Amino acid sequence: MPDTDTREVPDDPPPFLRTWNRIYGAVLIYLAATVAVLYWFTRAWQ
Amino acid sequence: MRPLDWIVLVVSLVSIVTYGLYRSRGSNTVDRYLLAGRTMPWYAMALSIMATQASAITFISTTGQSYVDGMRFVQAYFGLPIAMVIVSAILVPAFHRAKIYTAYEYLERRFDGKTRTLASIIFLCQRGLSAGLTIYAPAIVLSIILGWPERATTTLMGSVVVTYTVLGGIKAVTWSDVQQMCIIMLGLVVALVTVIVLLPAQVGFGDAVYLAGAAGRLNAVTTDFNWNDRFNIWSGLFGSTFLFLSYFGCDQSQVQRYLTGRSIAQSRLGLLFNAVAKIPMQFFVLFIGAMVFVFYLFIQPPVLFQHAELARIQPLAAFAPAQQDYNRAFEGRRQAALALVEARHARDAAGERRQLEAYRAAQSRMDAARVRAAGLVETSGGEKDFSDTNYIFLSFVTRYLPMGVVGMVIAVIFAATMSASSGEINSLATVSVVDIYRRYIHRRGSDHHYLMASRWATLFWGIYAVAFAGWGKKLGSLIVAVNVVGSLFYGSLLGCFVLAFGFRRVGGTATFIGMLAGEVAIFYAFLFGHVSYLWYNAIGCVVVVATALAITYLWPSSASATAGTPQPE
């Protein structure tokens with residue numbers, strides 16, 4: 001059980017949208033859209 | 001269970017265990033046993049994270065929750081994507097670069113040994129309690145189907161999980177999770193389709209959704225704010241963000257999943273997949289519960305879904321009138337539902353409004369009749385605040401689903417339990433060995449020594465989980481119980497990590513005292529406050545941070561024993 005691990009930890013760019021910040025933005029937009037759709041769903045079938 | 005159900009169940013379980021063990025070949029060092037040699041691809045991590053989170057409780061209890069209370073429980077997951085973004089952006093790179101086995105190891109580098117140890121002990125307490133609940137849920141299944149005592153079924157389930165977790169380590173856990181998640185998704189789709197097919201011919205899918213909505217079972221988003229209300233959009237967006245930040249940032253059962261990633265990017269993708277997929281999946285499970293509710297509009301459900309309690313109260317003199325009252329209420333609701341569907345088909349707006357009122361009134365009478373029958377359980381010496389939420393879906397599965405599908409749904413529940421339980425046991429063993437045993441008891445052992453210690457620790461926690469499984473029976477809705485137990489401890493852990501990453505001046509002693517204060521505040525809110533559990537995490541976190549900051553600024557000498565320590569990125 002080594003105390004120190006000297007292997008490199010690669011930090012690659014995301015496979016799409018080029019930067020991680022854009023990916024994070026897309027996830028938050030997705031959340032807002034999901035909440036909006038569920039709100040509509042609730043109102044529509046109430 | 002008929003022969004085909006048994007075949008489906010046994011084949012599913014054997015294939016899961018065999019596949020997991022096959023993929024775990026070569027787990028012969030501690031690094032490979034606990035972290036899979038840091039070689040896992042993102043999709044395996046993603047499915048493993050989802051499977052670990054989706055325990056059997058998710059299917060047994062969430063569907064029942066939806067049946068009695070509607071779909072608003074989905075709001076408890078609104079904070080998940082926000083938490084995933086924060087964890088991916090800040091914690092994943094920091095943990096990966098620190099080359100740690102546990103999240104708490106990081107705290108010693110940032111603060112000191114006592115802070116690490118306190119965090120480890122808090123985790124062991126919290127996750128140890130949950131481990132019993134996780135194994136208890138499917139014991140309900142087997143007990144209903146086979147008539148076995150719950151103790152025997154928890155022991156059987158625990159034995160299977162412990163066997164492949166001890167032998168294969170995290171790799172066996174992760175690859176089993178992948179297969180389990182595939183079975184879970186397939187089983188859920190089959191269950192939903194079957195429920196819809198079983199509805200009466202004159203009730204289409206649109207009608208079913210309409211009836212569920214009219215009875216308040218499709219209330220996915222509720223906007224009224226109330227501190228004591230467990231599930232609304234505000235507690236979901238704000239309270240549950242803290243819960244999931246704690247869960248994915250400070251809970252070793254999840255941290256260990258993304259530490260197995262072969263790169264930072266792979267770990268991030270695994271988490272962000274979860275951020276996108278979790279809410280729809282939870283919605284889907286709740287929707288199944290709402291459709292089971294619609295099914296029982298036309299087929300009379302038992303007055304109590306827990307057969308043992310029903311059998312116990314049936315001889316009581318007060319039961320017969322309660323049952324008659326219930327029968328009348330059901331018939332009235334069935335007629336009202338059919339009349340409402342007819343009015344809807346006829347596009348008669350005035351008639352539809354009238355029937356809608358009648359249907360809602362009938363539902364209220366039905367609810368009241370069920371409450372009256374449930375009250376007999378308590379008055380006749382049964383459990384207080386009796387709840388049979390966990391039995392609703394199972395009762396439906398075993399009575400009405402066709403041959404083969406029953407076996408598949410039971411396999412789903414087993415798969416979910418095994419994935420959640422194996423992850424818990426594995427992480428408990430990891431923290432016990434890395435943060436306690438190696439730190440305090442045996443500092444300079446060989447790799448083989450710690451590998452064997454990890455296997456023994458896994459066995460110990462497996463036995464512990466089985467021993468504490470019966471505790472779940474006393475906690476009502478299990479899905480809520482699991483989250484409540486987690487929330488009692490997560491806030492302090494989260495506050496500790498917020499201090500580690502956000503406040504460089506704060507030292508170990510201030511953080512340690514802050515964590516103790518945080519626990520006191522959470523338990524005070526739990527015992528004496530009227531606050532939903534989703535807020536405990538926020539309360540605990542805020543108290544930890546505020547206390548540590550106050551100590552740091554009032555007694556500057558407490559700050560920075562750690563000023564020279566390497567800082568997280």
Side-chain angles (χ1 to χ4, degrees), chain A, chain B residues 29-31 34 38 42 70-72 74-75 78-82 84-86 88-89 93 96-101 209-210 212-214 216-223 233 236-237 261-266 268-269 272 275-276 279-280 283 433-434 438 445-451 453-454:
Chain A
M1 193 172 195
D3 281 327
T4 55
D5 183 347
T6 54
R7 284 175 294 187
E8 284 289 309
V9 181
D11 187 5
D12 308 321
F16 44 87
L17 297 181
R18 286 192 283 183
T19 69
W20 285 106
N21 283 342
R22 286 183 188 171
I23 296 270
Y24 300 147
V27 170
L28 296 178
I29 290 168
Y30 165 83
L31 170 64
T34 304
V35 173
V37 167
L38 290 178
Y39 183 72
W40 168 83
F41 175 83
T42 303
R43 306 294 293 183
W45 293 104
Q46 207 164 34
Chain B
T29 66
V30 174
D31 186 50
L34 298 181
R38 295 184 169 94
W42 72 268
M71 295 180 67
R72 63 200 192 104
V74 75
Q75 296 168 112
F78 284 175
L80 182 73
I82 302 169
M84 292 291 91
V85 165
I86 295 170
S88 297
H96 263 282
R97 289 182 182 128
K99 307 273 177 61
I100 49 178
Y101 285 90
V209 176
Y210 177 77
R217 264 48 178 189
L218 301 183
N219 53 348
V221 175
T222 52
T223 53
I233 191 170
L237 280 173
R262 68 167 68 121
S263 69
I264 293 171
Q266 294 287 311
R268 280 174 170 156
L269 287 173
L272 294 174
V276 172
I279 296 175
F283 177 87
V433 171
V434 174
R438 188 180 71 156
S446 65
D447 190 79
H448 180 72
H449 176 85
Y450 290 121
L451 175 65
S454 302

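As the structure is a prediction and not an experimental result, all values here were calculated from the model. Reminder, nothing fancy here: chain letters follow the sequence lines and each chain counts from 1.
- Taking 4.5 Å as the limit, some side-chain heavy atom of B:Phe78 sits within range of a side-chain heavy atom of B:Val221.
- Sparse packing is recorded around CZ of A:Arg43, with 12 or fewer heavy atoms of other residues, nucleotides or ligands lying under 6.0 Å away.
- In this structure, the portion of B:Ala214 lying under 4.5 Å from any heavy atom of chain A is its backbone and not its side chain.
- In this structure, the portion of A:Leu28 lying under 4.5 Å from any heavy atom of chain B is its side chain and not its backbone.
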After noting the C-alpha distance and the side-chain angles of B:Leu34 and B:Val434, does the key distance pass the side-chain contact (heavy atoms from CB on, under 4.5 Å) rule? CA-CA 10 Å; B:Leu34 298 181; B:Val434 174; 4.1 Å; yes
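- Contacts with chain A were tallied for B:Asn219, B:Thr222, B:Val276; B:Val276 has the most, counting heavy-atom pairs under 4.5 Å.
- Using a 4.5 Å cut-off between heavy atoms, A:Tyr24 contacts chain B through both its backbone and its side chain.
- Taking chain B as the reference chain and counting heavy-atom pairs below 4.5 Å, the highest number among A:Tyr39, A:Trp40, A:Tyr30 is found for A:Tyr30.
- Per-residue heavy-atom pair counts under 4.5 Å with chain A were compared for B:Leu272, B:Ile279, B:Val209, and the maximum is reached by B:Val209.
- Checked by atom type and distance alone, the side chain of B:Tyr450 never pairs as donor or acceptor with a backbone atom of B:Val433 at under 3.5 Å.
- A:Pro15 places a side-chain heavy atom less than 4.5 Å from the side chain of B:Leu269.
- Rounded to the nearest 0.5 Å, atoms CG (A:Asp12) and CZ (B:Arg268) are 10.0 Å apart.
- At a 4.5 Å heavy-atom cutoff, the contact between B:Met71 and chain A is made by side-chain atoms alone.
- Heavy atoms closer than 4.5 Å to chain A are found in both the backbone and the side chain of B:Leu218.
- For a residue to count as touching a neighbouring chain, one of its non-hydrogen atoms must lie under 4.5 Å from one of that chain's; by this rule B:Ile100 does not touch chain A.
- Remark: side-chain polar atoms of B:Gln266 are not paired, donor with acceptor, to backbone N or O of B:Ser263 under 3.5 angstrom.
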